[in-house]
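Some notes on the structure that comes next.
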Amino acid sequence: MKDILLANETFGMAASQFDRTAEFLNLSEEVKERCKWPKRTLCFSLPVKMDDGRTEVFFGYRVQHHLSRGPVKGGIRFHPSVEVGEVAALAMWMNWKCALMQLPYGGAKGGIACDPRKMSAGELERLTRRFAQELLPFIGEQVDIPAPDVGTNAQTMAWIVDTASTQAGRFVPGIVTGKPLELQGSAGRTQATGHGVAFTSTLALSRLGIDCHGATAVIQGFGNVGSYAAETLMCDGVKVQGVSDITGAIWNDNGHDIIKLRKHVIETGGVRDFADSEPIDPREMMIKKVDILAPCAMERAIDETMAPNLQCKVLAEGANGPTTPEADTIIEERGDIFLIPDVMCNAGGVTVSYFEWVQNLQRFSWTEREVISKLETLLAATFERLVSFAEKRNCSHRVAALALGIKEVADVKKTRGLYP
Ligand code: NAD
């Protein structure tokens, strides 16, 4: 199993970040091994009737990294590149993220190798329901609570709730988070991750003595995370000059109107050809001189060829794993970029997912204002803890964030002991 996981580039990245941090923390070989590898790695074949009458078999995965600190939590991704190593890497990062945020969860992730852009709504519903059915023995509100990720959304979660509720013979909203509001989703969940990316970026700007009003930003990815990060930044007075997605990249020196851009994306399927914008090479956009660069798309967007050319002051990792370890080393050596590591920057999503779960368990609901205020309080406290740890221990923000998360998990492992 170790070889299969390590053969995947993204898992290799997560493992190398872990090894480096374990060494920094001086973890014993025993605790290190127990923390590094996933507890459960599940693989499912999923036969689905397609619209043209064929039956196609898809492959789906769920990796539960650790159950030591509580139920596991993590999104479900629908994307052609999904494979078990990638899912395991994302589950590992979720583990450190939940621990860093001091949420009572371990990390998990799931995914299906498929291309949702090429599937009809009916095909996606049948695929989701089949996956949910296969997952049911392994998930639940006290065991593993999935949520949306790349290529999935509130509707996907609604199909999972319906499948689980039909099987259980009662309504079980607590089995997933990121649900529609009418199915007891939480106010504020849809925008939570992007809001957190924007909020932590403004905390970083203020540390650097830069006023948000008139500051500039580039956002890679205009899905759930990127679009809400862009919208919140615009509301804070930041000019979002560059935006890209799978269809291309666009530029406007004065900043884009994100509300109009969202409407354009809904109507046309992408950011390309948005009025009042110039097309720009997506790679060139990433290295423009701006205050904030927020990669909010896929892993490994910033590699060792791009890192020396970056001209941003704040690198806000909205996506999971957007910076390769080689690029990380270059950024660290340069010392002129304020990095907000992924496990901190995009933690708004899992934090409001936690609020949603708590509300579901209590059969109670909070207002959007209550949710966002609790979210900002937690993010600000964790951001301060991370930055002061890095200053005190003279380490990078990446190492500080992972060290705070991994130490929390390692301490629980040590205290619980080894069974039998
Ligand atoms: P999404 O599917 O809603 O959006 C992904 C966006 O990235 C789309 O606009 C797509 O066109 C764009 N994209 C894909 N490949 C690209 C490329 N090569 N260049 C530019 N753009 C590209 O997904 P999302 O939920 O916004 O997730 C984005 C990232 O944030 C992922 O790394 C995910 O794991 C992470 N994340 C998501 C959440 C959440 O709550 N949704 C929480 C934490 C972290």
Side-chain angles (χ1 to χ4, degrees), residues 10 13-14 73-82 86-87 89-94 97-98 101 107-111 114-117 146-157 176-179 185-186 188-197 200 218-231 242-250 261-262 264-266 268-272 280-286 293-303 306 316-323 340-354 356 375 379:
T10 305
M13 223 177 111
K73 188 94 194 68
I76 291 182
R77 176 175 290 197
F78 286 1
H79 193 272
S81 75
V82 164
E86 180 188 83
V87 176
L90 292 161
M92 195 193 308
W93 284 322
M94 275 304 288
K97 190 187 304 178
C98 292
M101 293 303 294
K109 205 79 181 188
C114 66
D115 191 347
R117 287 170 65 90
D149 190 71
V150 173
T152 57
N153 54 28
Q155 179 60 68
T156 321
M157 298 304 113
V176 289
T177 58
K179 299 177 291 286
S186 175
R189 173 61 185 91
T190 307
Q191 66 270 42
T193 313
H195 185 87
V197 173
T200 52
V218 155
I219 314 264
Q220 183 199 41
F222 198 72
N224 174 276
V225 180
S227 68
Y228 284 105
E231 186 176 328
V243 178
S244 71
D245 69 5
I246 198 77
T247 66
I250 54 171
L261 178 58
R262 190 195 300 284
H264 171 82
V265 170
I266 291 168
T268 69
V271 301
R272 197 173 54 191
I280 180 171
D281 177 72
R283 204 176 153 83
E284 197 190 311
M285 180 196 81
M286 299 286 283
L293 169 63
C296 298
M298 302 296 287
E299 301 90 58
R300 308 176 65 77
I302 299 171
D303 61 12
M306 188 181 283
E317 294 188 330
N320 285 306
T323 310
I340 313 172
D342 49 5
V343 291
M344 168 82 254
C345 193
N346 66 36
V350 71
T351 304
V352 175
S353 272
Y354 165 63
E356 182 174 330
L375 170 65
L379 287 177

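One-based numbering, in listed order, for ligands and for the atoms of each. This is a predicted model, so every value here is computed, not measured.
With values rounded to the nearest 0.5 angstrom, Thr351 atom OG1 is found 9.0 Å from Lys97 atom NZ. One finds the CG atom of Asp342 at 5.5 Å from the CG atom of Asn320 (value rounded to the nearest 0.5 Å).
At the shortest separation from atom 27 (O) of ligand 1 among protein heavy atoms lies Val150 CG2, 3.5 Å. Atom 11 (O) of ligand 1 has its closest protein heavy atom at Ile246 N, 3.0 Å. Of the protein's non-hydrogen atoms, Asn320 ND2, 3.6 Å is the one closest to atom 35 (C) of ligand 1. Of the protein's non-hydrogen atoms, Gly151 N, 3.0 Å is the one closest to atom 2 (O) of ligand 1. Considering only non-hydrogen protein atoms, atom 40 (O) of ligand 1 sits nearest to Thr193 OG1, 2.8 Å. Among protein heavy atoms, the minimum distance from atom 6 (C) of ligand 1 is reached at Gly223 N, 3.7 Å.
Nearest heavy atoms, Cys345 versus Thr200: SG-OG1, 3.8 Å.
Remark: Arg262 qualifies as a cation-pi partner of Tyr228 under the 6.0 Å distance and 45° angle criteria applied to the six-membered ring.
No hydrogens or angles considered: nothing links the side chains of Asp149 and Thr152 as a donor-acceptor pair under 3.5 Å.
At a 4.0 Å cut-off, not a single heavy atom of Pro282 sits close enough to ligand 1 to count as contact. Proximity of Arg189 to ligand 1 is established by a heavy-atom distance of less than 4.0 Å. Residue contact annotation: Arg77 has a non-hydrogen atom under 4.0 Å from ligand 1.
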**Study point:** Full working for side chain to side chain donor-acceptor pair (under 3.5 Å) between Thr10 and Arg300
**Key:** CA-CA 8 Å; Thr10 305; Arg300 308 176 65 77; 5.2 Å; no
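For Ser244, there are no side chain to side chain donor-acceptor pair (under 3.5 Å) partners at least two apart in sequence or on another chain.
Counting only heavy atoms from C-beta outward, the side chains of Arg272 and Ile250 never approach each other to under 4.5 Å. Residues Pro148 and Met157 have side chains in contact (heavy-atom distance under 4.5 Å, counting atoms from C-beta outward). Side-chain contact check for Trp93 versus Met13: some heavy-atom pair is nearer than 4.5 Å. Contact check for Tyr354 versus Thr177: no side-chain heavy atoms found under the 4.5 Å cut-off.
Heavy-atom proximity to Ser244, at under 4.0 Å, picks out these atoms of ligand 1: 20 (C). Of all atoms in ligand 1, numbered sequentially from 1 with element shown, those under 4.0 Å from a heavy atom of Gly221 are 7 (O), 12 (C), 21 (N).
At a 4.0 Å heavy-atom cut-off, ligand 1 touches Gln220 through the side chain alone. Contacts between Cys296 and ligand 1, counted as non-hydrogen atom pairs separated by less than 4.0 Å, involve the backbone only. At a 4.0 Å heavy-atom cut-off, ligand 1 touches Asn346 through backbone and side chain alike.
For atom 41 (N) of ligand 1, the candidate residues are Asn153, Val271, Asn224; the nearest heavy-atom contact is made by Asn224. Of the listed options Ala297, Ser353, Gly321, Ala297 places a heavy atom closest to atom 29 (C) of ligand 1. When the heavy-atom distances from atom 26 (O) of ligand 1 to Asp149, Val225, Thr190 are ranked, the shortest goes to Val225.
In terms of N/O distances under 3.5 Å, ligand 1 is approached by Phe222.
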